[in-house]
Amino acid sequence: MLSVAEARERILAAFQPLGAEQVAVADALGRVLAEDVAARVTQPPVAVSAMDGYAVRAADVATIPSRLQVVGEAPAGREHKGAVRSGEAVRIFTGAPIPPGADTVVIQENTRREGDRVVVNATAPAGRHVRAQGLDFKAGEIGLRHGRRLTARDIGLAAAMNRPWLNVRRRPRIAILSTGDEIVMPGELAGPGQIYASNGLALAAFVAAWGGEANHLGIAPDDSAALQAMASAAKGADLLLTSGGASVGDRDLVRAALGERGMELDFWRIAMRPGKPLLFGRLGDTPVLGVPGNPVSALVCATIFLRPAMERMLGVEEPAYPSPTALLGRDLEENDSREDYLRATLDFDAEGRAVATPFPVQDSSMLSRLALADCLVVRPPHAPPADKGTPVPIVPLSGGAISQ
Ligand code: AMP
Ligand code: MG
């Protein structure tokens, strides 16, 4: 059986970065830059005050107290016309340009106003509380590089650089097809033995969280013709993502039904738990990723395979795999031949070290545990028994396209 790493490589090889589109900076949160973003302006454009106070000449306040003539005012956004000469001060506010002649700012707290004069009670070396022109960035400097997923902070920087439009990768379009006679949509009446469909909605949310556009095609019954008809609606998508029907049961039709329609199968079983019956192929121009029906398997496979595929399409630079480590919160037995992804909570011990504690029961149908998990603990094939306190690789489950 294929290893997880090989399966991921083969999946990644089928994707490349999508085209770019222009979006307003206001709509760019979570999008991935397709260009390097250079500043159109220098910030600050001129030297400005960092505090409210008085712009003066440092030499004039070398001896204190010093009594200076207030010759004008410079609020933010308006410069004082004229120079500050010896013996003079200009009332200044945060963000206002430093008038010519002045070379330092005395903060308001160190002064006393006496009519049109100000008494300065503290010395201030040249440059104190002065933000030099271009302190933050200079025109032409690159502030954000292509391949970066934009955070709220990045939006702020792009706006400050006077970049109202940004070139970003188009969102991957992912068609999702659920399968199974036994599942009905939430809100519908469930007949005897039927359960509520969770995969389609969860996978659509996963796609949205990582910057894609999901189109849920619906639930195909366990019937070849119906499945084929519904799958044909995926034409034009960047990926057809199916859930369920990928195993070896008589009703596991995805492989056979799409095979009849010409799907070229790359692989359909991998050495992974959960997620053994993972399928990957191509139907015409559309790659097909078939995740198992068990809800935990579906979402773990999305984390391990779909997310990297989306990141390849989005041109995200250097996805962070493999991931960080944590100390085991309990003893684990020897692993068998499948790479294991254990749902676990993540806490910090008294020394501030991350501790991952796998749930004792790991059934792949248990969404309640998955929802409570903070990370997956990765157990390579044939890993020896591991004691509590052993460092193990983990895959954090939080995160997504929207980040501060
Ligand atoms: P399958 O891969 O079709 O054999 O499905 C494996 C298990 O996952 C079965 O117990 C199904 O009932 C369940 N399952 C399949 N699809 C879904 C779904 N969309 N939502 C919730 N459970 C599902
Ligand atoms: Mg099924």
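Here, residue 1 is the first one in the sequence, and each next residue gets the next number. Whatever order the structure lists them in is the order used to number ligands and atoms, beginning at 1.
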Exercise for the section: Check each protein residue for a heavy atom under 4.0 Å from ligand 1 and list those that pass, ordered by chain and number. Expected result: Thr179, Glu182, Ile183, Ile195, Tyr196, Ala197, Ser198, Asn199, Ser243, Gly244, Gly245, Asp252, Gly293, Asn294, Pro295

Problem - Pair Glu6 + Arg10, salt bridge at N-O below 4.0 Å - result: no

Practice task
Taking only Lys NZ, Arg NE, NH1 and NH2, and the carboxylate oxygens of Asp or Glu, determine whether Arg145 and Asp36 approach each other closer than 4.0 Å.
Solution key: yes

Exercise for the section: Mind checking side-chain hydrogen bond (donor to acceptor under 3.5 Å, both in side chains) for Gln43 and listing every partner two or more places apart, or none if nothing turns up? Expected result: none

Practice task
Indicate whether any N or O donor in one side chain lies under 3.5 Å from an N or O acceptor in the other, for Thr94 and Asp52.
Solution key: yes

Practice task
Would you check, one step at a time, whether the test side-chain contact (heavy atoms from CB on, under 4.5 Å) holds for Gln362 with Arg369?
Solution key: CA-CA 8 Å; Gln362 292 280 334; Arg369 294 293 189 286; over 6 Å; no

Handout entry: Under 3.5 Å side-chain donor-acceptor pair for Asp387 and Thr390
Key = no

